[in-house]
2 protein chains.
Amino acid sequence: MNTTAPHRLDPSLLANLPPFSQLERRQIREILDAASVRRLEEGSVVFEEGAPAERFYMLLDGVLRVVRITEGGEQVIALHIPTGQLFGIARALGRDTYPATSVMASEGIILSWPTSLWEHFIASYPGFATETYKTLGARVGEMNARIVELATQHVEQRVANALLRLMNQTGKRTGNAIEITFPITRQDLSEMTGTTLHTVSRLMSAWEKAGLVESRRKHVSVLDPHGLVELAQGQHP
Amino acid sequence: MNTTAPHRLDPSLLANLPPFSQLERRQIREILDAASVRRLEEGSVVFEEGAPAERFYMLLDGVLRVVRITEGGEQVIALHIPTGQLFGIARALGRDTYPATSVMASEGIILSWPTSLWEHFIASYPGFATETYKTLGARVGEMNARIVELATQHVEQRVANALLRLMNQTGKRTGNAIEITFPITRQDLSEMTGTTLHTVSRLMSAWEKAGLVESRRKHVSVLDPHGLVELAQGQHP
DNA sequence: AGGGAAGTTTGTTCAAGCGCAAAGTCCGGA
DNA sequence: TCCGGACTTTGCGCTTGAACAAACTTCCCT
């Protein structure tokens with residue numbers, strides 16, 4: 001299952017990513033040589049909540065979805081991780097088990113290393129620790145924002161915010177629209193916002209009619225980000 | 001404003017707290033000598049969201065409330081921090097500004113150090129970093145749980161969960177009840193659960209009638225934790 | 001090209017819980 | 001001891017959005 005490095009990976013893959021950007025070529029070489037590479041399909045599970053944290057990962061291509069399941073069997077999408085970030089770094093928070101399940105939201109490529117190397121990375125590569133904790137900080141900030149959202153905002157605002165967040169993380173200009181670059185269903189959006197796919201569908205239809213977004217099956221583009229921001233702020237109830 | 005150490009603090013104050021528990025007496029002495037002490041009233045603001053993170057803190061006594069304010073001016077209680085934890089450690093996540101406001105939920109005592117000492121603490125005191133990141137990990141776990149809660153549960157379940165969480169963090173046996181050891185209003189509970197004080201009041205009245213809880217003004221005791229757990233799981237809708 | 005699965009739309013019904021309003025109760029301070 | 005403010009309770013109407021139901025569309029596989 002672990003398709004290890006075909007031969008040798010191009011160092012430039014890592015050289016621009018924050019946790020590695022301050023390292024010398026030689027060090028990046030070491031890091032790559034220790035890594036396993038896997039190409040994964042949309043929907044592949046990378047690891048499950050509660051499993052022993054045996055490896056940590058870097059998302060080289062694609063988008064990852066961090067998911068939790070309630071006792072009632074409902075899914076909640078806690079977070080999306082964009083290309084170029086570390087994930088599964090339970091070790092950084094002193095855990096020995098993964099706190100959530102990770103699933104590929106699109107096809108993509110991941111690198112991974114055994115957790116036993118974590119301490120080594122932290123100790124040997126200057127800037128690695130700092131950058132890692134910065135990422136973590138950003139993630140905590142995002143979680144906080146979501147708590148506030150869920151606690152105070154209406155469904156319409158929450159869905160608008162979810163779209164904006166995805167747009168900022170993975171959006172790409174396409175003509176005059178900004179396209180969310182990985183497959184996303186109404187169901188997904190509902191699991192990000194704590195509502196039902198029905199409600200999301202209704203909202204999206206209305207927004208499409210109003211010229212704010214454009215959507216095909218499993219695909220969403222934002223036409224009018226500013227309009228969405230206004231909705232997110234409850235401007236036009 | 002910074003009531004510095006009256007004379008010298010008793011080292012045993014810190015010796016049992018996780019981040020310091022593995023240190024030698026001499027090291028704890030150093031740490032205490034570098035600290036400022038303040039005794040704070042209920043309601044005192046320790047620091048505000050967005051302010052430069054000039055110091056980091058240890059809550060020696062009392063309970064702290066981490067609060068965020070929405071653009072609309074509504075408060076959301078993101079977290080309660082129990083006695084004996086570090087807080088305001090923006091530095092640990094590579095931030096140079098506090099991500100939320102901290103307010104004393106009861107009167108209490110805090111120690112603090114200038115942020116410039118953070119790197120020194122991490123580097124000089126073995127176990128300090130690990131323990132800190134463990135705490136952070138637990139906090140992330142709690143935030144995650146709240147996101148799932150807010151996204152999937154009904155108001156009744158959320159309020160029950162909030163009470164249970166407070167009970168576990170700060171509860172003390174009093175007769176056959178478990179009392180939440182700091183002042184808490186219906187308003188507070190509503191700000192923890194994303195609802196209104198009215199709804200919380202109704203729920204509490206019902207629970208009191210059912211013998212699950214007992215409450216005086218600004219005080220809550222849990223009589224039947226197991227019953228609350230059932231409510232939290234939606235057993236009795 | 002046909003069939004089926006996955007995803008989406010839309011309608012209808014209905015209850016949870018919010019907004020608003022008002023009164024009651026407890027507490028500390030003058 | 002009385003007053004005023006802070007906290008709590010309760011009632012009522014109404015909106016939001018969930019639940020249920022069913023049809024439709026798109027995509028993929030054979």
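Below, read A as the first sequence line, B as the second, and so on, with proteins coming before strands; counting in each chain starts at 1. Since we're looking at a predicted model, the values are computed, not measured.
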- Task: Could you pull out all residues at least two apart from B:F47 that satisfy ring-ring contact (aromatic ring centres under 6.0 Å, His included)?
- Result: B:Y57, B:Y98
- Message: Test: salt bridge (charged side-chain N to carboxylate O under 4.0 Å, His left out). Region: residues 189-213 of chain A. Which pairs qualify, not counting sequence neighbours?
- Response: none
- Task: List in chain and number order the residues that pass side-chain contact (heavy atoms from CB on, under 4.5 Å) with A:R91, two or more places apart in sequence or in another chain; answer none if no residue qualifies.
- Result: A:T115, A:W118, A:E119
- Message: Protein within reach of the bases, or only the backbone? For nucleotides 25-30 of chain C, mark each nucleotide 5' to 3' as B, S or -, using heavy atoms under 4.0 Å.
- Response: -BS---
- Message: By the salt bridge (charged side-chain N to carboxylate O under 4.0 Å, His left out) test, which pairs, at least two apart or in different chains, include something from residues 97-114 of chain B?
- Response: B:R39-B:E107
- Query: For B:E48, which residues count as a side-chain hydrogen bond (donor to acceptor under 3.5 Å, both in side chains) partner, sequence neighbours excluded?
  - Reply: none
- Item | salt bridge (charged side-chain N to carboxylate O under 4.0 Å, His left out) contacts touching residues 61-83 of chain B (sequence neighbours left out) | B:E49-B:R68, B:R65-B:D188
- Item | All pairs passing salt bridge (charged side-chain N to carboxylate O under 4.0 Å, His left out) where residues 161-171 of chain B contributes a residue, at least two apart | B:E149-B:R165
Can you tabulate the close N/O pairs, meaning under 3.5 Å, that link protein atoms to atoms of nucleotides 20-22 of chain D?
from   : atom 1 : to     : atom 2 : distance (Å)
D:dA21 : N6     : A:H198 : ND1    : 3.2

- If you look only at pairs with a residue in residues 189-210 of chain A, which of them pass as a ring pair (Phe, Tyr, Trp, His ring centres under 6.0 Å), with sequence neighbours excluded? none
- Message: What's the angle between the local helix axes at either end of the helix from C:dA1-D:dT30 to C:dA30-D:dT1, using five pairs per end and rounding to 10 degrees?
- Response: 40°
- Who are the salt bridge (Lys or Arg N to Asp or Glu O under 4.0 Å) partners of A:D224, not counting sequence neighbours? none
